[in-house]
Amino acid sequence: MLEWIRFAASAVLTLLGLFVLITGVLGTFRFRQALNRIHAAALLDTVGILCMFGGLIVALGFTLTSLKLLIVVLFLWLTSPVSSHLIGELVVVSHDGLAREINIDDPEAVQQLKEGHK
Amino acid sequence: MSDPAVLTAYHYLYAGALIIVGLLLLVCLIRTIRGPLTADRIISVNMTGTLTVIIIAILTYTMDEAYLTDVAMIYTMLSFLAVVLLTKIYVGIYRGKHQKKAKEDGANA
């Protein structure tokens, strides 16, 4: 009976994770501005991998392998904001039509990012 | 894990999950090819790396090999390193273009 409860928990977490993954990948196609697509892609790195690995950890039980999977999730949580920030900086530097898409509050700072700090 | 019905249930669940994540990988490849900006392609490289890590982790359970979690750890670090390196290179390229254009505008005006 306990095995079926464990399977039910693992199945719920895995299906939730698959739903979040599909939403994230679909979001990168549907958004029209580049800065919004970064946000959709970050869904995969945070919630998607948590749910999928959570399902695996519940299925594996309390072993060394599940601890290693938890370490992978924590590492990805620490590094995903850094990746998103750097990709956002690349969008501001490289996208010439940025002023058409969003309201830029501080065009001086944007120009300084584009040229590089002296 | 004695009950064979539970084992076949896990097998079907993770086989279905592997198929869906594989299809999502193909869809990410379309995003890589289509994306109008360079940043779109780097975003989808990051997503492809994360989906691959998920596939490796599911395979550690279905194939019952424990060392694949170490492979997943290394692959996460490699994918993060690739994104950092690619953004640094492309920011340098675009800044060089902007500086050259500013210099030419300063020389012409």
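So that the names make sense, note that chain A is the first sequence line, chain B the second, and so on, each numbered from 1. It should be emphasised that the depicted structure is a prediction, and the values quoted were computed from it without experimental measurement.
Ranked by heavy-atom pairs shorter than 4.5 Å toward chain A, the options B:Thr50, B:Val21, B:Thr60, B:Ile93 are led by B:Thr50. Counting heavy-atom pairs closer than 4.5 Å to chain B, the top residue among A:Leu64, A:Leu69, A:Leu26, A:Asp45 is A:Asp45. For the set B:Ile30, B:Val91, B:Ile43, the entry with the most heavy-atom pairs within less than 4.5 Å of chain A is B:Ile43. Of the residues considered (A:Leu15, A:Val91, A:Leu18), A:Leu18 shows the highest number of contacts with chain B, using heavy-atom pairs under 4.5 Å. For chain A, the option among B:Leu86, B:Thr38, B:Asp70 with the highest count of heavy-atom pairs below 4.5 Å is B:Asp70. Most heavy-atom pairs under 4.5 Å with chain A, from the set B:Ile42, B:Leu37, B:Val83: that is B:Leu37. Most heavy-atom pairs under 4.5 Å with chain A, from the set B:Ser79, B:Gly96, B:Ala9: that is B:Ala9.
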Test log, rule side-chain contact (heavy atoms from CB on, under 4.5 Å), inputs B:Arg31 and A:Phe29: CA-CA 7 Å; B:Arg31 183 79 237 168; A:Phe29 274 91; 3.9 Å; yes
Residues B:Tyr14, A:Leu56; criterion side-chain contact (heavy atoms from CB on, under 4.5 Å); working and verdict: CA-CA 10 Å; B:Tyr14 283 121; A:Leu56 281 173; 3.6 Å; yes
Intermediate values then yes/no, side-chain contact (heavy atoms from CB on, under 4.5 Å), B:Tyr67 and A:Lys68: CA-CA 10 Å; B:Tyr67 64 88; A:Lys68 283 188 198 171; over 6 Å; no
Intermediate values then yes/no, side-chain contact (heavy atoms from CB on, under 4.5 Å), A:Thr65 and B:Glu65: CA-CA 10 Å; A:Thr65 312; B:Glu65 308 267 7; over 6 Å; no
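Considering only heavy atoms from C-beta on, A:Ser10 comes within 4.5 Å of B:Tyr10 through its side chain. Using a 4.5 Å cut-off on side-chain heavy atoms (C-beta onward), B:Thr69 and A:Val72 make no contact. With a 4.5 Å cut-off on side-chain heavy atoms, B:Met47 and A:Thr28 count as touching.
Heavy atoms of A:Thr79 lying under 4.5 Å from chain B belong to its backbone as well as its side chain.
Separating the OH atom in B:Tyr94 from the NE2 atom in A:His95 is a distance of 11.0 Å, to the nearest 0.5 Å. Taking CG of A:Leu21 as the start and CD1 of B:Ile20 as the end, the distance is 9.5 Å to the nearest 0.5 Å. Distance CG/A:Leu2 to CG/B:Asp3: 12.0 Å, rounded to 0.5 Å. Atom CZ of B:Arg41 sits about 13.5 Å away from atom CD1 of A:Ile87, to the nearest 0.5 Å. Distance check: A:Leu78 CG to B:Thr76 OG1 gives 12.0 Å after rounding to the nearest 0.5 Å. Here the NE2-OG distance, from B:His98 to A:Ser94, works out to 7.5 Å after rounding to the nearest 0.5 Å.
More than 12 heavy atoms of other residues, nucleotides or ligands lie within 6.0 Å of CZ in A:Phe75, so this atom counts as buried by the packing criterion. Atom OH of B:Tyr90 has 12 or fewer heavy atoms from other residues, nucleotides or ligands within 6.0 Å.
Distance alone, capped at 3.5 Å, is enough to place a donor-acceptor pair between the B:Arg95 side chain and the A:Leu113 backbone.
Residues satisfying the side-chain contact (heavy atoms from CB on, under 4.5 Å) test with B:Ile56, not counting sequence neighbours, are B:Thr52, B:Leu68, B:Val71, B:Ala72.
The same ILVMFWY cluster, assembled from side-chain heavy atoms under 4.5 Å apart, contains both A:Leu70 and A:Ile49. When the side chains of ILVMFWY residues are joined at heavy-atom separations under 4.5 Å, either directly or via intervening members, A:Val58 and B:Leu13 end up in two distinct hydrophobic clusters. B:Ile58 and A:Leu50 end up in the same hydrophobic cluster when Ile, Leu, Val, Met, Phe, Trp and Tyr side chains are linked at under 4.5 Å. In the hydrophobic cluster analysis, where Ile, Leu, Val, Met, Phe, Trp and Tyr join through side-chain heavy atoms closer than 4.5 angstrom, A:Phe31 is grouped apart from A:Val47. Both B:Tyr61 and A:Ile71 belong to a common hydrophobic cluster when Ile, Leu, Val, Met, Phe, Trp and Tyr are linked at side-chain heavy-atom distances under 4.5 angstrom.
Inspection of non-hydrogen atoms places no residue of residues 98-108 of chain A under 4.5 Å from chain B.
Between B:Lys100 and A:Glu115 there is no salt bridge, since no side-chain nitrogen of the basic residue lies less than 4.0 Å from a carboxylate oxygen of the acidic one.
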